[in-house]
Structure formats: C-alpha cells, structure tokens
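Here's the structure we're looking at; comments come further down.
Lettering follows sequence order; numbering is per chain, from 1.
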There are 2 protein chains.
Amino acid sequence: MVCSKSFGYALRGVLYVALMSDQKPRVQVEEIAEKLSVPKHYLGKIMKQVVKEGILSSTKGPYGGFSLNEKTLSSPLLSILRITDGFEQFNTCVLRLRKCNSSRPCPLHDQIEANRKAWMQIFSKTSIGDLLNKDEVSFLEGLATI
Amino acid sequence: MVCSKSFGYALRGVLYVALMSDQKPRVQVEEIAEKLSVPKHYLGKIMKQVVKEGILSSTKGPYGGFSLNEKTLSSPLLSILRITDGFEQFNTCVLRLRKCNSSRPCPLHDQIEANRKAWMQIFSKTSIGDLLNKDEVSFLEGLATI
DNA sequence: TTTAAAAAAGATACAGATGTCCTTAATGGG
DNA sequence: CCCATTAAGGACATCTGTATCTTTTTTAAA
C-alpha cells in the first residue's frame with residue numbers, strides 16, 4: 001500500500017527538473033538533492049536509472065545536468081515505478097500462497113486483484129505532465145521530503 | 001501494494017490452527033512451520049505476537065501449542081496487519097512529501113487515499129472466520145509458501 | 001590540449017526485515 | 001519432585017533497500 005522511498009525521490013527529481021525547465025535547461029543533482037532534502041549520491045544513482053529508462057536526458061561535464069526530453073512529460077508514473085519498485089508487488093499473493101491465481105484463487109484474491117488494478121490504473125494513466133497540470137500546484141512549493 | 005512476508009506467515013499460521021481445531025485442540029509451531037514450508041523459529045516469533053494481541057492462545061509444555069480462543073474467528077485481518085506491518089503505510093505520501101494531507105494534497109493524494117481506504121476496508125471487514133467460510137476452500141490444500 | 005565540472009560507476013556502510021540458534025520459563029505426566 | 005516437551009526470549013547472522021564516499025568518464029570552455 002506504499003511505494004519505496006526511491007520512487008518518491010525519482011518522481012520528485014523529475015518533477016523538479018520539469019519545473020525548472022523554463023528557467024534553466026539543465027539541473028544538477030546537487031541542486032535537486034538540496035531542494036528536495038534528499039541524499040545526493042543516492043539520488044544520483046536513481047536519476048541515472050531514470051535516464052537509462054529514457055524518461056530524462058543527461059549530459060556530463062560543465063553546464064551539464066539533467067534535462068527534459070520528448071518522452072518526459074508523457075511518461076506514465078508506471079515507468080518510474082518499474083525502475084524503483086518493480087511490478088512483482090502486483091502479483092504477489094497477500095497470503096503468500098505459491099499457487100494462488102485467478103483460476104485457483106485464495107479467498108482474498110479477487111478483492112485484492114481488483115484493488116491492485118485500481119492502483120495500476122493510477123500509475124499507468126497518470127503522466128509526469130499530468131501532475132504538473134493539476135490544480136494542486138501549491139504542493140510544488142515544498143518538494144522537500146519527510 | 002503488498003504485505004510483508006510476516007503477514008502471510010501469521011495469517012496462514014492462524015488459519016492452519018483453525019483448520020486443525022476439530023482434529024486437535026493445540027498445534028505446535030513445529031508442525032505449522034512444516035506444513036506451511038515456513039522458517040520455524042521465525043514463525044515462532046510471529047505467533048508469539050499474535051498470541052500477545054489476543055488473536056490466538058498458547059500453552060507451554062507437553063501437549064501445549066497454539067489454540068483458538070473466543071476472539072480468533074471474529075478477529076479482522078487488520079489486527080494481524082497491525083502486528084506485522086503497522087498502519088504507517090496507509091498514511092505515507094507516495095511522493096514522500098512532508099506536508100501532504102487532505103487540506104493540502106499532492107496531485108495524487110485523493111486518488112491514493114480512496115484506494116487505500118478500499119484496502120483498509122478489505123482488512124477490516126474480513127475476519128479470520130470469513131476466510132474459512134469462503135467457497136475457495138480448495139486453497140487450503142496447499143498453504144505452502146512461495 | 002588542458003582544466004574544471006558534472007554524471008556514471010564502484011566500494012563500503014547502515015538499518016530493518018527476515019532467518020537461525022541457543023537458553024530460559026512454563027507445564028503436564030510420571 | 002523430576003523430567004520431557006513446548007512456547008518465549010535473547011543473541012546473532014543474512015539479505016535488501018537506503019545512504020555515503022571515492023574514483024572514473026565525459027564534456028564544455030579557455
């Protein structure tokens with residue numbers, strides 16, 4: 001019922017780059033980590049994966065950093081979740097029964113599956129861009145972590 | 001979107017004791033662990049907590065073991081989840097924003113909260129007894145773990 | 001070409017969930 | 001009371017997610 005901390009780091013990292021994109025084309029991990037109150041080096045590792053997945057771009061060297069690309073805004077949250085949490089969580093029986101599946105369900109299977117589908121929907125239907133177009137933009141004032 | 005392994009151990013442990021209750025009033029952790037293919041000593045620790053919570057009873061010594069009590073069958077799954085996973089998971093912002101709440105929501109807050117409520121419902125409305133009265137009793141044949 | 005800046009990559013550390021083992025306490029039967 | 005049996009409790013090991021630090025690679029500017 002919860003995502004990893006890494007997911008939060010990744011998503012907020014991408015959002016921060018997107019928010020800054022009209023002010024600066026590239027943002028360094030140093031700045032992101034500071035603004036989000038997040039461990040710098042760890043964030044770096046996660047951003048690297050986000051880049052590998054194609055959700056962001058990056059360049060090394062002076063004036064380098066992380067930047068938006070054609071895919072960024074249209075990327076579903078699911079593509080970040082895939083990196084940080086994987087999808088195993090959507091298929092694991094809560095009773096941890098080996099052979100629980102739709103044709104041979106545990107007593108909770110159907111309810112749980114319906115619920116997970118709804119979760120999956122949220123993450124697949126919502127894109128990075130969607131989050132930026134929401135009314136609740138005030139949330140952006142403080143991207144700082146827990 | 002997933003419960004801990006400990007939750008699965010605990011719930012199946014309780015279910016096994018309930019299933020055996022007409023054959024034997026008490027079941028030893030040794031037997032439970034074997035039948036569920038679960039680590040014996042670790043299961044012991046979890047069962048202890050389940051007893052402490054009042055969901056099961058136990059007695060030491062010869063012919064001892066774990067047994068049902070008045071509360072067992074009516075206990076909601078939530079009472080087990082509380083022991084093994086806690087409820088923090090229902091309140092943690094997926095973006096890990098410090099001050100995300102219903103009056104100042106992140107763009108995902110409302111959707112996520114609705115979904116978590118549904119999860120919470122499953123675990124609070126479903127009791128141990130309910131699981132035993134389900135049609136899908138065939139699942140009981142193999143309580144063995146993943 | 002040299003230099004400095006920044007991401008990428010590698011090594012190590014830490015914490016919590018999980019798992020194992022050994023000791024202690026309780027209990028029923030002799 | 002004594003003994004065997006079983007849960008409870010404590011100490012330690014392992015594994016995975018999280019975090020830190022150092023080194024390497026790439027790049028832009030001079």
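- If you find the closest nucleotide of DNA chain D to A:S6 and to B:Y63, the one lying nearer the 5' end belongs to B:Y63.
- Atom pair B:I46:CD1 and D:dA7:C1' shows a separation of 15 Å (rounding to whole Å applied).
- Taking only distance into account, the side chain of B:K45 meets the base of D:dG10 through a donor-acceptor pair shorter than 3.5 Å.
- In this structure, A:M1 and B:M1 have side chains that are not in contact, with every pair of non-hydrogen atoms separated by 4.5 Å or more.
- Aromatic pair A:F7/A:F123: centroids less than 6.0 angstrom apart.
- Using a 4.5 Å cut-off on side-chain heavy atoms (C-beta onward), A:F90 and A:K117 make no contact.
- The side chain of B:P39 approaches C:dG19 more closely than any other nucleotide in the set C:dA5, C:dA8, C:dG19.
- If you take CZ of B:F7 and C1' of C:dG16, they are 20 Å apart, rounded to a whole angstrom.
- Separating the CD atom of A:Q49 from the P atom of D:dA19 is a distance of 14 Å, rounded to the nearest angstrom.
- Counting only heavy atoms from C-beta on, A:Q28 has its side chain closest to C:dA6 among C:dA6, C:dT27, C:dA5.
- You'll find that the side chain of A:Y42 is closest to D:dT18, out of C:dG19, C:dA7, D:dT18.
- C:dG19 atom P lies 13 Å from atom NE2 of B:H41, rounded to whole Å.
- Classification of B:R82 and B:E53 as a salt-bridged pair holds, one side-chain N sitting under 4.0 Å from a carboxylate O.
- When each of B:R26 and B:K40 is assigned the nucleotide of DNA chain C bearing its nearest heavy atom, the one mapping closer to the 5' terminus is B:K40.
- Closest approach to the A:Y9 side chain among C:dG29, D:dA4, D:dA19 is made by D:dA19 (side chain taken as heavy atoms from C-beta onward).
- Residue A:V51 has its side chain nearest to C:dA8 when only C:dT18, C:dA8, C:dA5 are considered.
- For B:F87, the CZ atom counts as densely surrounded, since its 6.0 Å shell holds more than 12 non-hydrogen atoms of other residues, nucleotides or ligands.
- Taking atom CG of B:L43 as the reference point, atom C1' of D:dG9 lies 16 Å away to the nearest angstrom.
- Among the protein residues, A:G44 comes within range of no part of the nucleic acid, since none of its heavy atoms lies under 4.0 Å from any strand.
- Nearest-nucleotide mapping onto DNA chain D: of A:C3 and A:T59, the residue sitting toward the 5' end is A:C3.
- Of the two residues contacting DNA chain C, namely A:P62 and A:M47, the nearest-nucleotide position lying further toward the 5' end is that of A:P62.
- The listed nucleotides are D:dG9, D:dT6, C:dA7; the one nearest the side chain of B:K60 is D:dT6.
- Look at CD on A:E53: it is 14 Å from P on C:dA8, rounded to the nearest Å.
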Exercise. Are A:K40 and A:E31 close enough, and set up right, to give a salt bridge (Lys or Arg N to Asp or Glu O under 4.0 Å), and what steps lead you there?
Worked result: CA-CA 9 Å; A:K40 177 171 63 171; A:E31 175 181 340; over 6 Å; no
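- Of the side-chain N and O atoms in A:S58, one or more sit less than 4.0 angstrom from OP1 or OP2 of C:dA8.
- In this structure, the CD atom of B:E30 is 15 Å from the P atom of D:dA8, given to the nearest Å.
- For the pair A:K48 NZ and C:dG10 P, the computed distance is 8 Å after rounding to whole Å.
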